[in-house]
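When a ligand or atom number is given, it counts from 1 through the structure's own listing order.
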Amino acid sequence: MKINIAIDGPSASGKSTVAKQLCSILNYVHLDTGAMYRCVALEVKRKNIDIEDVESIVEMLNSTKIQLTTDGKVYLNDEDVTDIIRTNEISLLASDVSTIKEVREHLVALQQKMAQDKGFIMDGRDIGTVVLPDAELKIYLTASVEARAKRRYLENKERGLESNLQTLKNEILERDYQDTHRKYSPLKQATDAVVVDSTEMDKDDVVNYILELVKDKI
Ligand code: DC
């Protein structure tokens, strides 16, 4: 039997990494909803649309195609944007566009359509609360800001990117503030979510812990 799993939590808490590993063990499909907000941000930037101009953003959304493939690729209007949506600039702009009610409604409808069946692991900010309120297992994955900044720093280093730990920490704090204080579907823990604080855990510890929770459910 397959279930649906919602993983929410703040930026850089390891949601996507953990979701990917769980999917390969369980043979589930990963839906990274943050990538969809990032695609909207990239298109807003490319089309030079003012973030306050909601009418133009809605028009743009209606003519924009976003696809997530099972092998983890992200396509925006058939272009592979998997890597270019990961810059700091797009991270912050994604957080900005995610405050717009019309953007959220559009993407939530797409996400719900994508996960009509079972066997999905969806990660984001509002999955357990809004997108999949009936998910059989809900995880709220978090870690201290220091631990999250350090992981991002090491990740960047591995990819050959120079970054500054303090700058990363500030950016994470800025996104945390915006994502938890926005008016529409702010990041918050679902009442029935299991909180996993990974500050002192490595990736495998988190994956194994969640696998035990999955076993209990099925
Ligand atoms: O998970 P991420 O860092 O790739 O997400 C980028 C931004 O998108 C994040 O700052 C908040 C927003 N987001 C959201 O509001 N709701 C989601 N379900 C996923 C992401």
Check your understanding: Does D176 pair with R148 as a salt bridge, N-O distance under 4.0 Å?
Key -> yes
Check your understanding: Of the protein's non-hydrogen atoms, which lies at the shortest distance from atom 4 (O) of ligand 1, and what is that distance?
Key -> R38 NE, 2.7 Å
Practice item. Just jot down the ligand 1 atoms closer than 4.0 angstrom to any heavy atom of S98, in number order. Key: 11 (C), 12 (C), 15 (O)
Practice item. For side-chain hydrogen bond (donor to acceptor under 3.5 Å, both in side chains), just list the numbers for S98 and R182, CA-CA rounded to whole Å, side-chain angles, deciding distance to a tenth of an Å, and then say yes or no. Key: CA-CA 9 Å; S98 76; R182 66 177 177 231; 3.1 Å; yes
Exercise for review: Please check if any side-chain donor atom of R125 sits under 3.5 Å from a side-chain acceptor atom of S185, or the reverse.
Suggested key: no
Check your understanding: Does NZ belonging to K118 count more than 12 external heavy atoms closer than 6.0 Å?
Key -> yes
**Study point:** Residue and atom name of the nearest protein heavy atom (relative to atom 8 (O) of ligand 1), distance in Å to one decimal
**Key:** Y37 CB, 3.5 Å
**Study point:** Heavy-atom nearest neighbour in the protein, as seen from atom 1 (O) of ligand 1, with distance rounded to 0.1 Å
**Key:** R125 NH1, 2.8 Å
Check your understanding: Relative to the heavy atoms of D179, which atoms of ligand 1 are at a distance of less than 4.0 Å?
Key -> 9 (C), 10 (O), 11 (C)
Check your understanding: At what distance is the nearest protein heavy atom to atom 18 (N) of ligand 1, and which residue and atom is it?
Key -> D126 OD1, 2.8 Å
Check your understanding: Does ligand 1 have any atom that is closer than 4.0 Å to a heavy atom of R182?
Key -> yes
Review point. Nearest to atom 19 (C) of ligand 1, what protein heavy atom do you find, and at what distance?
Key: T33 OG1, 3.4 Å
**Study point:** Element-labelled atoms of ligand 1 that are located less than 4.0 Å from some non-hydrogen atom of G124
**Key:** 17 (C), 18 (N), 19 (C)
Check your understanding: Would D179 and S95 count as having a side-chain donor-acceptor pair, cut-off 3.5 Å?
Key -> yes
Point to revise | Heavy atom of the protein closest to atom 16 (N) of ligand 1 (residue, atom name, distance) | key: R104 NH2, 3.1 Å
Review point. Just wondering, are more than 12 heavy atoms of other shown residues or ligands nearer than 6.0 Å to OH in Y28?
Key: yes
Check your understanding: Within the structure, does S11 bring an N/O atom to less than 3.5 angstrom of an N/O atom in ligand 1?
Key -> no
Check your understanding: Looking only at heavy atoms, what is the nearest atom pair of A190 and K138, with distance?
Key -> CB-CD, 3.9 Å
Check your understanding: Measuring from the heavy atoms of M36, does anything fall under 4.0 Å of ligand 1?
Key -> no
Check your understanding: Considering residues, nucleotides and ligands other than K150, do more than 12 of their heavy atoms fall under 6.0 Å from its NZ?
Key -> no
Review point. Can you name the one residue among N4, I5, I127 that meets side chain to side chain contact (heavy atoms under 4.5 Å, CB included) with F120?
Key: N4
Check your understanding: Any idea which protein heavy atom is nearest atom 6 (C) of ligand 1, and the distance to it?
Key -> R175 NH1, 3.6 Å
